[in-house]
Amino acid sequence: MAVDETLISKYFNWSDAKIVAFQKALLEWYDREGRQLPWRVDHDPYHVFVSEIMLQQTQVQTVIPYYLDFIASFPTVGELASAPESKLLKAWEGLGYYSRVRNMQKAAQQIMRDYAGQWPTTAAKLQTLTGIGPYTAAAIASIAFNQPIAAIDGNAFRVFARLLKIDLDISKSQTRPVFQAIGDRLISVARPGDFNQAIMDLGTSYLTAKQPDAEHSPVRDFDESLADGTTLAYPVKTKKAKPIDFYYYALAIQSPEGWLFEQRPTKGMLARLWMLPLIDRDDLTTSDPKEVLAELSTLFQQETEIHAEFHEVEMKPVIHTFTHQKWHIQIVQAKLTSTPNLSLFSGKWLSLAAIAEAPLPTVQLKLNQQLFV
DNA sequence: GATCCGTGGTG
DNA sequence: TCACCAAGGAT
């Protein structure tokens, strides 16, 4: 809570007059050139909430169609709270970070149960809701309820780091309180929501990460890194690790009732979404292609007593890169003349129509492209 | 506090 | 191909 005052004053010692001038320059620009976005047509806390969750680590252009569909399907927090999970996951299909939508429903249920459907108005209370952290709580509190608290996202880190030449590593958790304290001193008490959104618009226009145009920004006169030509030195951030390679076979098994799909476990990657069964190549005793197919066939027959003749599909492996993992998937196919009982694979036989209804991760959509087109 | 959790775009 | 980025949060 108590942020080291000497650390703050190392980077920030603007006068009140300078702060006011900064707010004026920023907000006048925002009034002139701020983006028109679907979630900016009103300040409904539910609308702000849905958009902010979707925008976590996701670009505006990606979010827009999902936001419009989501609000149409689940218009109120009460309808979100009572929606079936499968519908929610389907609405989120392709957006990534799928735990966001399940946490969003938990938060909606907390609103209904603990707050009688009325949103709490302070960032502190909002942050107790599942899936709402310091950034999202500040965004909702400031935009929907005019609370003067800075929303420190990637844009705010970058903008403030450049303006004030803050050389703290923004990937370290101790850094956030410093930016929070400085942002809270800079923010316009009269228009906190617009201030936060203006900082974000600034971060996606003149002060972008790779090709900034700081010399034309509306706050160029307040930009200390522009003054000495060190814009690109900020923000300081440690590099991310390279994704780890994984090698799988995807079993494309077709019976008269459809294709065998599995729902992924409740926790971990792509939780509760549907995919073809994946066999880790490291779990097989051989890497010789012919022996692999024989082993898969044996594996399947053990449980079914149905003869399954697997064959490698003549297609390139599907390669899909996540943040931390890179999957190399070779499809193997088998067509069954009757439908066996399942025990080895805890899956379901899905018709093409059912596959279209099920929530699928993008890597499975890639597999579908190879199989069903 | 380091790691996990997706996807699409860009140079 | 690859590294990096984009309105973060939970564990």
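Chain naming here is simple, since letters A, B, ... match the order of the sequence lines and numbering starts at 1 in each. When reading the values below, keep in mind they use all heavy atoms of this one structure, side chains included, and skip hydrogens, waters and symmetry mates. Here the structure is a predicted model, which is why all the values come from computation and not from measurement.
Closest to the side chain of A:L270, from the set C:dA7, B:dG6, C:dC5, is B:dG6. In the set C:dC5, C:dG8, B:dT7, the nucleotide with an atom closest to the side chain of A:Y135 is C:dG8. When distances run from any side-chain atom of A:A209 to the nucleotides C:dA6, B:dC5, B:dT7, the shortest one goes to C:dA6. Residue A:Y97 has its side chain nearest to B:dG6 when only B:dC4, B:dG9, B:dG6 are considered. The side chain of A:N155 lies closest to C:dA6 when the candidates are B:dC5, C:dG9, C:dA6.
Between the side chains of A:Y135 and A:E52, a donor-acceptor pair is found at a separation under 3.5 Å. In this structure, a donor-acceptor pair under 3.5 Å is absent between the side chains of A:Q197 and A:D201. A:T76 and A:E79 are linked by a side-chain donor-acceptor pair at a separation below 3.5 angstrom, with hydrogens and angles left out of the test.
The residue A:G94 sits close only to the backbone: its heavy atoms come under 4.0 Å of sugar-phosphate atoms, none of a base. Counting any heavy atom pair closer than 4.0 Å across all strands shown, A:M200 reaches a base atom.
Across residues 49-81 of chain A, A:E52, A:L55, A:Q56, A:Q57, A:Q59, A:V60 each have a non-hydrogen atom less than 4.0 Å from an atom of DNA chain C (numbered order).
Rounding to whole angstrom units, CG of residue A:L129 and C1' of C:dG9 are separated by 13 Å. Distance, A:R102 CZ to C:dT11 P: 11 Å, rounded to whole Å. As a whole-Å value, the separation of A:Q364 CD from B:dT7 P is 11 Å. If you take CG of A:L89 and P of B:dG6, they are 11 Å apart, rounded to a whole angstrom. In this structure, CZ of A:F322 is placed 5 Å from P of B:dT7, rounded to the nearest angstrom. Here B:dT7 presents its C1' atom at 13 Å from CH2 of A:W92, a figure rounded to the nearest Å. Look at CD1 on A:I170: it is 16 Å from C1' on B:dG1, rounded to the nearest Å. Atom NZ in A:K239 sits roughly 19 Å away from atom C1' in B:dA2 (whole-Å rounding).
Comparing A:T323 and A:G133 by the nucleotide of DNA chain C that holds the closest heavy atom to each, the one mapping nearer the 5' end is A:T323.
Using a 4.5 Å heavy-atom threshold, the side chains of A:V178 and A:F160 count as separate.
Atom NZ of A:K90 sits in a crowded spot, with more than 12 heavy atoms from other residues, nucleotides or ligands closer than 6.0 Å.
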